[in-house]
Amino acid sequence: MSISMIWAMGNNGVIGKDNDMPWHLPRDFAFFKAETLGKRMLMGRKTWDSLGGKPLKGRTSLIMTRDTSFSPEGAEVVHTLEEALAEGKKSDELMVIGGAEIYRMLLPYADKLIVTRIQEDFEGDTFFPEVDWSHWKEISSTKGIRDEKNPYDYHFVVYKRTD
Ligand SMILES: NC(=O)c1ccc[n+]([C@@H]2O[C@H](COP(=O)([O-])OP(=O)(O)OC[C@H]3O[C@@H](n4cnc5c(N)ncnc54)[C@H](OP(=O)(O)O)[C@@H]3O)[C@@H](O)[C@H]2O)c1
């Protein structure tokens with residue numbers, strides 16, 4: 001069992017704007033899909049809303065909310081950190097897919113970070129929480145393809161916890 005976090009962020013740590021992504025990067029969506037397919041994904045209720053309130057195909061959606069009456073179709077619900085961690089114990093690899101509140105809560109328990117680093121500053125209202133990178137070792141970095149539909153320089157970077 002392990003807990004992985006996956007996100008994309010700009011140079012300035014921005015991950016969201018108006019409950020949406022601040023950029024359009026289809027090659028990162030494809031990467032996200034390949035990394036999460038067949039796995040259990042934990043997300044906050046706002047991220048669930050930002051995805052249109054529908055489960056992503058081929059993956060199990062676990063939504064974290066304080067609302068005990070929340071019962072969306074096609075997804076499971078957790079209400080506490082303890083329940084979320086229990087899900088992590090059940091899964092070979094629980095994928096934490098955001099947003100900022102959920103990343104902040106689960107970061108101390110994560111084993112692996114999968115980050116799309118976009119070499120650009122973005123305007124936004126949601127930032128990835130501060131990471132103490134001295135606890136993390138980069139194990140791979142792959143340059144993403146820049147083209148007409150993906151007009152940024154970006155890298156897919158994977159880190160493993162060192163302690
Ligand atoms: N760039 C990326 O890779 C990426 C990835 C994901 C999301 N995002 C962006 O991030 C933004 C959303 O992030 P966010 O931080 O605003 O929201 P979020 O983390 O997605 O969801 C927050 C919600 O989670 C629930 N929650 C939080 N703490 C809880 C706790 N201790 N116990 C139970 N439930 C709890 C609450 O739901 P209730 O209010 O229902 O109680 C809270 O309102 C959007 O802009 C989205 O597009 C970006």
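Residues: numbered from 1 along the sequence shown. A quick note: this is a predicted structure, and the numbers were derived from the prediction, not measured. Every number for a ligand or one of its atoms is a count from 1 in the order of the listing. Computed over heavy atoms, backbone and side chain alike; hydrogens, waters and symmetry mates excluded.
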Contact check, Met43 vs ligand 1, heavy-atom distance below 4.0 Å
no

Give the atoms of ligand 1, by number and element, whose distance to some non-hydrogen atom of Ala8 is under 4.0 Å.
1 (N), 2 (C), 3 (O)

When only distance counts, is Ile6 in polar contact with ligand 1, meaning an N/O pair under 3.5 Å?
no

Please work out, at 4.0 Å between heavy atoms, whether the side chain, the backbone, both, or neither of Ile97 comes within that distance of ligand 1.
backbone

In the protein, what heavy atom is nearest to atom 12 (C) of ligand 1, and what distance, to one decimal place, separates them?
Asn19 OD1, 3.6 Å

Within ligand 1, which atoms have a heavy atom of Ala100 less than 4.0 Å away?
13 (O), 14 (P), 15 (O), 19 (O)

Looking only at N/O atoms, are Arg45 and ligand 1 under 3.5 Å apart anywhere?
yes

Report the C-alpha separation of Ile114 and Glu35 in whole Å, then their side-chain angles, then the decisive distance to 0.1 Å, and conclude whether the side-chain contact (heavy atoms from CB on, under 4.5 Å) test is met.
CA-CA 9 Å; Ile114 305 165; Glu35 289 291 320; 3.7 Å; yes

Judged by atom type as modelled, is there a donor-acceptor pair below 3.5 Å linking the side chain of Ser2 to the main-chain atoms of Asp92?
yes

Checking a contact table here: which protein heavy atom is nearest atom 4 (C) of ligand 1, and how many Å away?
Met21 SD, 3.8 Å

Start with the C-alpha distance between Phe122 and Tyr152, add both sets of side-chain angles, then the distance that settles ring-ring contact (aromatic ring centres under 6.0 Å, His included), and finish with yes or no.
CA-CA 11 Å; Phe122 292 92; Tyr152 306 108; 5.3 Å; yes

Can you find an N/O atom of Glu101 closer than 3.5 Å to an N/O atom of ligand 1?
yes

Considering only heavy atoms, which of Lys46, Glu82, Arg104 lies nearest to atom 16 (O) of ligand 1?
Lys46

Return yes when Ile102 approaches ligand 1 closer than 4.0 angstrom through a heavy atom, no otherwise.
yes

Answer whether the closest heavy-atom distance between the side chains of Leu94 and Leu106 falls below 4.5 Å.
no

Quick one: does Leu81 get within less than 4.0 Å of ligand 1, heavy atoms only?
no

Against heavy atoms of Tyr103, which atoms of ligand 1 measure under 4.0 Å?
3 (O), 5 (C), 6 (C)

Verify the neighbour count for atom NZ of Lys39: are there more than 12 heavy atoms of other residues, nucleotides or ligands below 6.0 Å?
yes

Looking at Asp125 and Asp18, would you say the former's side chain and the latter's main chain have a donor-acceptor pair under 3.5 Å?
yes

Among all protein heavy atoms, pick out the one at the shortest distance from atom 34 (N) of ligand 1; state its residue, atom name and that distance to 0.1 Å.
Thr65 C, 3.3 Å

Against heavy atoms of Trp23, which atoms of ligand 1 measure under 4.0 Å?
1 (N)

Please report which non-hydrogen protein atom sits nearest to atom 18 (P) of ligand 1, along with the residue it belongs to and the distance in Å to one decimal place.
Gly99 N, 3.5 Å

Verify, without hydrogens or angle tests, whether Thr126 (side chain) and Ile15 (backbone) share a donor-acceptor contact under 3.5 angstrom.
no

Using a strict threshold of under 4.0 Å (side-chain N to carboxylate O), is an ion pair present between Arg104 and Glu101?
no

Does any N or O atom in Arg66 lie less than 3.5 angstrom from one in ligand 1, N or O only?
yes

Does NZ belonging to Lys149 count more than 12 external heavy atoms closer than 6.0 Å?
no

For ligand 1, is Lys17 a contact, meaning one of its heavy atoms is under 4.0 Å away?
yes

Show me which atoms of ligand 1 lie under 4.0 Å from any heavy atom of Trp7.
3 (O)

Judged by atom type as modelled, is there a donor-acceptor pair below 3.5 Å linking the side chain of Arg161 to the main-chain atoms of Ala110?
yes

Using a 4.0 Å cutoff against the non-hydrogen atoms of Met105, which atoms of ligand 1 qualify?
28 (N), 29 (C), 30 (C), 31 (N)

At a 4.0 Å threshold, what atoms of ligand 1 neighbour a non-hydrogen atom of His79?
32 (N), 33 (C)

Which residue and non-hydrogen atom of the protein lie closest to atom 25 (C) of ligand 1, and at what distance in Å?
Met64 O, 3.3 Å

Please identify which atoms of ligand 1 are closer than 4.0 Å to at least one heavy atom of Asp20.
44 (C), 45 (O), 47 (O)

Could you find the nearest protein heavy atom to atom 9 (C) of ligand 1 and give me its residue, atom name and distance?
Ile15 O, 3.8 Å

Donor-acceptor contact below 3.5 Å, side chain Asn150 vs main chain Ile145:
no

If the contact criterion is a heavy-atom separation under 4.0 Å, does Met9 count as touching ligand 1?
no

Which residue, Phe32, Trp7, Phe31, forms the ring-ring contact (aromatic ring centres under 6.0 Å, His included) with Phe156?
Phe31

May I ask you to decide if Ile97's main-chain N or O and Tyr103's side chain share a donor-acceptor pair within less than 3.5 Å?
yes

So do the side chains of Val157 and Ser141 get within less than 4.5 Å of each other, counting heavy atoms only?
yes

Can you check whether Met41 reaches Leu56 side chain to side chain, under 4.5 Å on heavy atoms?
yes

With only distance considered, is Thr47 within less than 3.5 Å of ligand 1 through an N or O on each side?
yes

